[in-house]
Amino acid sequence: MKNKIENVASLEDLQALYTETFGKNGTMTQKLKNMANLSNEERAVINAENTELRQLFRDKQNELEMAALNAKLATEKIDVTLDTEPKNRGTIHPLTQSAKEVKEIFESMGYTMMSGPEIEDDWHNFTALNTPEYHPARDMQDTFFLENGNVMRTQTSAVQIRAMEKNGAPIKMFTIGQCYRKELDATHSVMFGQIEGLYVDKIEKNINLSDLLGTMRTFALRFFGKEMEFRIRPSYFPFTEPSIEIDMKWGDKWMELLCGGMVHPNVLRNCNINPDEYQGFAFGFGWARLAMLKYGLNDIRAFTDGDIRWLKNSGF
Ligand code: DAH
């Protein structure tokens, strides 16, 4: 009997053998039933046999169950280190990535990010920026007008006005956003991003053009990761006096980096800030221009074409 149990190879066979032994008419069951007529010694032998056999069945059952479990684990094993099917992963758009970097740099210099609406009124987009109606400088920007007289904002400079109206001075803010002009060719797109900054403080602080240049050098060092060579040209904007443009040496070429200047006293006055007490600088860059320079991209229209193949190959 012991051998029989030992040689059983499956749980089903073990169950059958168990029934043969301990079932209603099982061999062991019979022996136990007939014990009444036996001597104490004989009973003791049968009891011992009963106990031993039950233990052997239990052990064998455990052994077979264990073997079954191990076999199952072996066949159902999952190799978690195996590569999965390649999936198309999204990438961060170069404009988004550059905006994030610009934001970090200006915030670390104490500038607060602000925003304004893309549909602007005439006051914020032009008049308060010292560009009243009939001012010839309005022609510098081909404007989309809405029927109610509002405009698609042509410049993020409008946010300077909103910021000063809201917070007064001193103020140190920047904004990153889209602007719109009726221009479309290889180097212009109807919608384009600008980055704008403004720093106005008490006149005693003597914020001046060299501070603007220093700020831009620091910005460029952080953004492009190396010291850049600059060139300053005089320029004209209604909202700054004097106005400048700053070029940056890029390879063997000079690239226009940004426009800026000292905030015109009329602009401060329009925001209820006294120009005898406060002065400061403002600046504006092309958002895509920055991203193109940094990441070596060359077609401004590609940024908004939404062609995923281009985005994939743009290094992101
Ligand atoms: N708003 C100007 C433009 O779109 C750029 C600009 C020039 C912004 C001078 C400024 C500034 O803040 O001071 O052409």
Side-chain angles (χ1 to χ4, degrees), residues 102 106 109 111-118 120-132 135-144 151-165 169 171-183 187-201 207-216 219 230 232-248 255-271 273 275 278-290 300:
V102 167
F106 281 120
M109 293 199 274
Y111 288 78
T112 302
M113 175 131 146
M114 301 189 88
S115 63
E118 290 178 22
E120 243 328 342
D121 51 39
D122 183 280
W123 170 255
H124 293 96
N125 196 80
F126 290 122
T127 305
L129 284 162
N130 199 31
T131 321
H135 193 293
R138 285 200 178 200
D139 285 349
M140 288 162 76
Q141 304 176 356
D142 279 328
T143 309
F144 285 113
V151 298
M152 297 305 291
R153 104 178 146 193
T154 59
Q155 49 189 349
T156 44
S157 304
V159 187
Q160 287 183 27
I161 302 299
R162 290 191 174 270
M164 287 190 281
E165 283 176 342
I171 188 163
K172 208 173 180 187
M173 57 73 63
F174 72 104
T175 189
I176 307 178
Q178 299 296 353
C179 304
Y180 303 83
R181 289 186 202 173
K182 241 191 292 176
E183 300 170 334
T187 53
H188 293 92
S189 124
V190 169
M191 181 183 84
F192 58 96
Q194 282 193 335
I195 297 163
E196 182 97 12
L198 173 77
Y199 178 24
V200 173
D201 209 330
I207 299 170
N208 57 50
L209 277 185
S210 55
D211 294 320
L212 171 57
L213 186 62
T215 303
M216 288 311 123
F219 170 78
F230 289 101
I232 302 178
R233 287 179 288 116
S235 187
Y236 172 78
F237 300 100
F239 31 89
T240 43
E241 181 57 37
S243 302
I244 57 169
E245 287 179 37
I246 301 181
D247 298 337
M248 190 176 69
M255 302 289 285
E256 183 191 314
L257 181 67
L258 81 147
C259 310
M262 298 303 295
V263 179
H264 196 291
N266 285 349
V267 174
L268 296 175
R269 257 179 230 118
N270 287 337
C271 301
I273 294 172
Y278 289 93
Q279 74 181 29
F281 61 70
F283 57 85
F285 313 75
W287 180 1
R289 162 74 58 100
L290 277 186
I300 198 162

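For ligands, and for the atoms within them, numbers begin at 1 and follow the listed sequence. The structure presented is a predicted model; accordingly, all values stated were derived computationally and were not measured.
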Measuring only between side-chain heavy atoms, which start at C-beta, is Val102 closer than 4.5 Å to Trp287? no

For [X] against [Y], the heavy-atom pair lying closest together:
| X | Y | result |
| --- | --- | --- |
| Leu129 | Gln155 | CD1-NE2, 3.6 Å |
| His135 | Asn130 | CD2-O, 3.7 Å |
| His264 | Pro238 | CD2-O, 3.7 Å |

With distance as the sole criterion, is a donor-acceptor pair present between the side chains of Glu196 and Ser157 under 3.5 Å? yes

Using heavy atoms and a strict 4.0 Å limit, residues surrounding ligand 1 turn out to be Gln155, Ser157, Gln160, Arg181, Gln194, Glu196, Phe237, Phe239, Thr240, Cys259, Gly260, Gly261, Ala282, Phe283, Gly284

By ring pair (Phe, Tyr, Trp, His ring centres under 6.0 Å) - contacts of Phe106 (at least two apart): Tyr111, Phe174, Phe219, Phe283

